[in-house]
**Q** 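Before anything else, here's the structure in question.
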There are 2 protein chains.
Amino acid sequence: MALSRTRAARQIRPARPPEKSITLQATKAAQTRGRLLDATIRCLVKFGYANTTTPRVAEEAGLSRGAMMHHFENGMALLQATIVELHEKRLRAFRRAAENPNREVTDLVETYWKQLQKPAFIAFHELAVAARTDAELARILGPLQDEFRAKFNAQAEQLFPEWLEQPAHFHLAMSLSQTILEGMAISLHTGGLEQASVEPMLRHLEVQIRALMPQRPSPLLAETPRIAPLG
Amino acid sequence: MALSRTRAARQIRPARPPEKSITLQATKAAQTRGRLLDATIRCLVKFGYANTTTPRVAEEAGLSRGAMMHHFENGMALLQATIVELHEKRLRAFRRAAENPNREVTDLVETYWKQLQKPAFIAFHELAVAARTDAELARILGPLQDEFRAKFNAQAEQLFPEWLEQPAHFHLAMSLSQTILEGMAISLHTGGLEQASVEPMLRHLEVQIRALMPQRPSPLLAETPRIAPLG
DNA sequence: CCCCAAAAAAAGACATGATTGATTGTCTTT
DNA sequence: AAAGACAATCAATCATGTCTTTTTTTGGGG
């Protein structure tokens, strides 16, 4: 969907027509919009960003292209809405996981790893890569990524409040988790990593995170040394 | 460059016309081909895969599109040659680094990290992502990625032969290094990681790798515990 | 030493197919 | 009847691959 060469977006249609009168039979609209967003995600996964075109999305959604243009002014509007949808999907899944707080590192790792397995992340990464060279996409994606990182850290803080005593360790653990897990997910799909390497890396990551936590004595790692020079 | 929907490649023109008579003034051909490959890499970096089109590459190379099609039967042939070029670039840089063997972990990490900073890796990743949904690209890229991983491990084996006594630790260290470093490089460009997190992660990775190596007693990590359950 | 034909390199022109945004028309709901 | 959901069609743009033409290089004869 190489549509960034069109003239500047004229007027951005609000994602949801601002609450006209609640629950009119045009809930259908929201439903159709949802179908279009899902179709976009599916296309990103199946065909990649470069081959995600408006006709293909419409076909995937079982709609005419005209209908699609009725709900989204142009292709970029569709992508923008898809990005927001993906972002909210990530946050929802995260909040769901937060309702079951075991105060176990395994949860943080396992939960995020499961998320990264879902197609939503593939679609997200396709868009993130495209955003590197598309200012319009970057403008939309950037703030959401910051927000996600913040929420990710916030949840960890909530689960392990004593961790803030060692902010350097905390932030290292956070970026380590995100980088390793996301890196694995990406490399798995792009062929840079063997499936067999995943399990050991997950286990190792868990151990490392525990080692970075304020010492809650564990039978296995009672004498884990302080991690090297840190700020 | 969404050109995979064309009919099957007819006849693959050999990369170098098979050594007709050595060194005729048509070294110019090789030179021009090189300019085209460089231009392709630059386009991938500047415009991304989705917007890397044949006219743009030709313009970037300062050539006419006709001239370009004279050297590469079609767009896919150009991409294929670019992939091979990128692959050989990676291997060359690696071999260069191997000529200075300090037997220091820092070298392995620092060397690969420097490589990942160069535009070649961005282009490579653009192609790797595109290959996920493009069978033709995947067919070309797959074997090269395997080869790179093998050579990467081979160099580590050569630097630290005693490491093979613990193959599980060795492979974990290898995949950890690649995943973390590549993950950081990607996340930096796609906005998923803050620049400030890079240095601590590099240091931490080095420490972790040392901990996975056969015990060459280090003043800092003399009592590093064996890493948790492995195989 | 010069000139010329053949081959290669480079440029240009063309036809096709695809994508995009816009416009117009139809049908349903309210 | 008015508005919204949906469908169909249109013109313009662009990318791709092919074909044709021009320019340059090169390898010999005269």
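So you know, we letter chains A, B, ... as the sequences are listed, proteins then strands, and number each from 1.
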**Q** Between B:Arg56 and D:dC14, is there a side-chain N or O to OP1/OP2 distance below 4.0 Å?
**A** no
**Q** B:Phe47: what forms a ring pair (Phe, Tyr, Trp, His ring centres under 6.0 Å) with it, not counting sequence neighbours?
**A**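 Partners of B:Phe47 under the ring pair (Phe, Tyr, Trp, His ring centres under 6.0 Å) test: none.
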**Q** Only counting residues at least two apart or in another chain, list the ones meeting salt bridge (Lys or Arg N to Asp or Glu O under 4.0 Å) with B:Glu206.
**A**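 Testing B:Glu206 for salt bridge (Lys or Arg N to Asp or Glu O under 4.0 Å), a comparison that skips the adjacent residues, returns B:Arg203.
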**Q** If you check every side-chain atom of A:Leu63, which of C:dA10, D:dA7, D:dG4 has the closest atom?
**A** D:dA7
**Q** Name all residues meeting the salt bridge (Lys or Arg N to Asp or Glu O under 4.0 Å) criterion together with B:Arg132; count only those two or more places apart in sequence or in a different chain, and write none if there are none.
**A** A:Glu126
**Q** Would you list the protein and nucleotides 23-28 of chain C atom pairs, both N or O, that sit under 3.5 Å from each other?
**A**
none

**Q** If you check every side-chain atom of B:Asn74, which of C:dA11, D:dG4, D:dG17 has the closest atom?
**A** D:dG17
**Q** Of the nucleotides D:dA15, C:dA10, C:dG21, which has the atom closest to the B:Ser64 side chain?
**A**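 Among the listed nucleotides, the one closest to the side chain of B:Ser64 is C:dA10.
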**Q** A:Arg65 side chain: which of C:dA22, D:dG4, C:dA11 is closest?
**A** C:dA22
**Q** Residues two or more places apart in sequence or in another chain: which of them pass ring pair (Phe, Tyr, Trp, His ring centres under 6.0 Å) with A:Phe152?
**A** A:Phe94, A:Tyr112
**Q** Between B:Arg33 and C:dA9, does any side-chain N or O lie under 4.0 Å from OP1 or OP2?
**A** no
**Q** Is there a side-chain polar atom (N or O) of A:Thr32 under 4.0 Å from OP1 or OP2 of D:dA5?
**A** no
**Q** Report the nucleotide, chosen from C:dA9, D:dC6, D:dG17, that has the shortest atom-to-atom distance to any side-chain atom of B:His71.
**A**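 Out of C:dA9, D:dC6, D:dG17, the nucleotide with an atom closest to B:His71's side chain is C:dA9.
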**Q** Is the phosphate of D:dC6, meaning OP1 or OP2, less than 4.0 Å from a side-chain N or O of A:His70?
**A**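 Result: no.
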**Q** Scan residues 141-150 of chain A for pairs that pass salt bridge (Lys or Arg N to Asp or Glu O under 4.0 Å), counting only residues two or more places apart or in two chains.
**A**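 Listed once each, the pairs are A:Asp146-A:Arg149, A:Glu147-A:Lys151, A:Arg149-B:Glu194.
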